[in-house]
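Report on one structure; see the data block that follows.
All values reported here derive from a predicted model rather than from experimental measurement.
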Amino acid sequence: MEKSIEKIPTYALPYLVNGDASNLNADEIKQIDDICREQGIEVVVPITESEEGGAEPYFSSVPLFRQPTEVEDCIIIYKNND
């Protein structure tokens with residue numbers, strides 16, 4: 001199992017973590033699905049700094065999904081290619 005820490009856009013977290021696409025349009029869903037498939041992403045786990053409030057989102061010009069936006073650091077687990 002391979003894993004890394006990546007900057008994941010906050011708008012994508014409900015979809016990636018819970019399968020909730022209610023805040024996304026069809027193009028955003030396609031982009032997220034394409035990137036996850038291309039990179040072999042299996043699981044996305046937000047890193048929480050505390051039980052009370054979690055990690056604070058911050059702006060990144062180079063998030064995993066290519067467009068500058070607000071992000072949170074997440075642990076990404078990739079599919080085994082064995």
Side-chain angles (χ1 to χ4, degrees):
M1 167 176 36
E2 183 181 337
K3 58 184 172 176
S4 68
I5 296 176
E6 301 289 345
K7 298 171 180 72
I8 303 297
T10 55
Y11 72 84
L13 288 175
Y15 180 58
L16 291 168
V17 174
N18 299 317
D20 177 7
S22 61
N23 67 326
L24 302 172
N25 63 43
D27 290 336
E28 291 168 329
I29 293 169
K30 182 180 180 338
Q31 178 188 36
I32 293 167
D33 288 344
D34 288 349
I35 290 171
C36 287
R37 185 181 60 257
E38 289 168 7
Q39 296 194 16
I41 295 171
E42 186 169 351
V43 178
V44 176
V45 180
I47 299 173
T48 57
E49 293 180 339
S50 71
E51 292 180 15
E52 292 177 13
E56 286 293 319
Y58 61 95
F59 182 81
S60 174
S61 60
V62 290
L64 183 64
F65 296 161
R66 301 181 183 121
Q67 297 198 10
T69 190
E70 181 179 80
V71 298
E72 286 188 35
D73 290 335
C74 295
I75 297 170
I76 306 299
I77 299 174
Y78 298 92
K79 295 178 184 173
N80 279 341
N81 293 329
D82 296 340

Hey, could you give me the SG/CG distance between C74 and L13, rounded to the nearest 0.5 Å?
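The SG atom of C74 sits 4.5 Å away from the CG atom of L13.
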Look up atom CD in E56 and atom CD in E72, then write down how far apart they are to the nearest 0.5 Å.
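It is 8.5 Å, given to the nearest 0.5 Å.
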Any chain of hydrophobic side-chain contacts (each under 4.5 Å) joining [X] to [Y]?
X: I35; Y: I32; result: yes
X: M1; Y: I5; result: yes
X: V71; Y: V45; result: no
X: I77; Y: I47; result: yes
X: V43; Y: L64; result: no

Taking the side chain as everything from C-beta on, heavy atoms only, tell me whether [X] gets closer than 4.5 Å to [Y].
X: I76; Y: I8; value: yes
X: L16; Y: C36; value: yes
X: Y58; Y: K7; value: yes
X: I41; Y: Y78; value: yes

Donor + acceptor pair across side chains of Y15, N23 (<3.5 Å)
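No, because no side-chain N or O of Y15 sits under 3.5 Å from a partner of the opposite role on N23.
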Run S4 and E6 through side chain to side chain donor-acceptor pair (under 3.5 Å) and show every step you take.
CA-CA 6 Å; S4 68; E6 301 289 345; 3.1 Å; yes
Salt bridge between K30 and D34, side-chain N to carboxylate O under 4.0 Å?
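So K30 pairs with D34 through a salt bridge.
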